[in-house]
Structures are given as C-alpha cells and as structure tokens.
Amino acid sequence: MKRSFLAMAAGAAALALAGTAGSGPAAAAPGYPTTDRTGTPLPARMADTGGGRQLITAEAPRTSSTHGRLIWWEKRHGHWRQAGSAPARFGAKGLAEGSTRKQGTNTTPTGLYDLPYGFGIGAAPAGTEVSYRRVHGDSWWCEDNASASYNRWTEPLPADCAAKESERLADYPKQYDRALVIGFNYDKPVRGRGAGIFLHVNGKGATAGCVSVPAGAMARVLAWADPDKRPHIAIGTRSGDTAITRY
C-alpha cells in the first residue's frame, strides 16, 4: 500500500522508543499484558492461531490507534512462550475489520494471516529460513485493481498495471530494507479490498495500512521465523468486535 507517513505526537514517539525488542523473552509494555489474570498467555486465549508453533500478535488499544505492540511467540511442549517484543505502528486511520476493509482507507486490516515470504532491499539477516526476495530497481507491488497482477510482486511492472496505482519497492529504502508479506487478501484477491500489506521497518510515522516495527526487531523476527513451524500474524485490538482474541 502506498506509504502516507504522518508525524507522530511526542507521546507516540516516546512509546516507540520504549519497550524491548530483544531476541529472548521480554517484559510487556505498560498496557499490553502478555497474560490474563489467570496467567494464560494471549495466544492460548485466541480463537485460532493458524495451527502452527509460531505466532506474531500485533495488538492496538482500539481501532483508532496508530501504535501498539508486536509480540512474537513460540509454542514449546504445548505451551506458548514469548520470544520477543517491540513497539508497533499501524495505519494512519487506525485499524479496520479485514473482511470488509476498503482499499485506500489507510487502515490496517485486522485478522489472522499467513506470512508468504520475506523481502528486502537489504540482505536477509543471518539465520533467516523463510523464503526471501531481494528488491531490485524494477521490483514492483501491483495495486491496480484492473490488473491481472493485483496484489502481487512483479518484475518488471506489467503493461496492464498502472505505476501510479502501485509501489516501486526500491523507492522506500528505509521501510523495505527488510519486510514480511502479510497474507491479507493474497490467496484469492478481492478487488478493492486492499493490496501490499506488509510487516516492515518503521518510517517516520504511521503507515498506510501495514504494520511497522524498529529495524532491529524486524531483523530478529526474520531470523526467528521458521517455515516448518508455520508462523502466522494476528492483528487486532485489545477488546471489542476486532479483539485480537476473536481471530
């Protein structure tokens, strides 16, 4: 989705700098408890985690929020354990239910999604096992609803995909230094639902619909993700109709 970065308020910037993004278990940021009152971790309270042994949760306080928390989890011996944590940014217009989201609304789609592959202008971090594509000068993400390549990586841009409706990935050297494709509207794309939703490195502020994290956290997530453990990402709010536990 074309990046429309907004300047964050000082308080949001402070939150983005707070918290940890280490490779080991990290303490939850204030307001983002990793367990409930009974000590049950967030993934164990979700309706679905994708069936694998790895999960990323991207949680916001409410649908109007532009920032929140990303936590990556691993299931060991039948129990979910936190593997890392980082501050996250969402769409400039907050979050919206993924099944009814509209393209061009600058909202991050809520829901549970797979992670088809990683990509980046930079090299994959050491230890990366997910499929990883390097960005070149003619690497594009087609977002033209009229194109047969809608919501797909293309090299070069096909004739039926308008450049003004798409992204030349190399034009975003900071954000797309490293990224993971989020499988929103990907397997069977619905025209007008949205395209180019990624987990990527932070820009200057909120995103146009993606989830973004600090560069160090993005590198750690890529090195951690194991295709054999079928990692997924769940995006949602703390409560309400888009509560992350509903997905």
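One-based numbering along the sequence shown.
Under a cut-off of 6.0 angstrom, the local environment of CZ in R134 is crowded, with over 12 non-hydrogen atoms contributed by other residues, nucleotides or ligands.
Between the side chain of T237 and the backbone N or O of T242 there is at least one donor-acceptor pair closer than 3.5 Å. Panel note: side chain Q54, backbone D226; a donor-acceptor pair is recorded below 3.5 Å. Under the 3.5 Å distance criterion, the side-chain polar atoms of E74 are left unmatched by any main-chain donor or acceptor of K229. Of the possible polar contacts, none joining the R133 side chain to the Y117 backbone as a donor-acceptor pair under 3.5 Å is found. Judged by distance alone, the side chain of R89 and the main-chain N or O of T66 form no donor-acceptor pair under 3.5 Å. Between the side chain of S147 and the main chain of D144, no donor-acceptor pair closer than 3.5 Å is present. Between the side chain of H232 and the backbone N or O of R230 there is at least one donor-acceptor pair closer than 3.5 Å. Of the possible donor and acceptor atoms, one in the side chain of Q103 sits under 3.5 Å from a partner among the backbone N and O of E143. A donor-acceptor contact shorter than 3.5 Å is absent between the side chain of R69 and the backbone of E59.
Of the inter-residue distances, the one linking W224 atom CH2 with I56 atom CD1 reads 5.0 Å to the nearest 0.5 angstrom. Between atom CG of residue D177 and atom CE of residue M218 there is a gap of 10.0 Å, rounded to the nearest 0.5 Å.
Between R178 and P125 the shortest side-chain heavy-atom distance falls below 4.5 Å. Here the side chains of L157 and D138 are not in contact, with every heavy-atom distance at 4.5 Å or above. The shortest side-chain heavy-atom distance between I197 and N185 does not fall under the 4.5 Å cut-off. Here the side chains of W73 and T49 are not in contact, with every heavy-atom distance at 4.5 Å or above. Here the side chains of T110 and T63 are not in contact, with every heavy-atom distance at 4.5 Å or above. Side-chain contact between L115 and V130 is absent, with no heavy-atom pair separated by less than 4.5 Å. Using a 4.5 Å cut-off on side-chain heavy atoms (C-beta onward), V213 and V221 make no contact.
A perpendicular orientation is assigned to the rings of W141 and W153, their planes being inclined by more than 60° (bins at 30° and 60°).
Between F119 and F198, the distance from one ring center to the other falls under 6.0 angstrom.
A pairwise comparison of heavy atoms in R193 and Y150 identifies N-OH, 3.8 Å as the closest pair. A162 and S166 make their closest contact through O-OG, 3.0 Å (heavy atoms, listed as atom of the first residue, atom of the second, distance). Residues C142 and S149 approach most closely at CB-O, 3.3 Å, considering heavy atoms.
A side-chain hydrogen bond (donor to acceptor under 3.5 Å, both in side chains) with T107 is found for exactly one of K93, R101, K102, namely R101.
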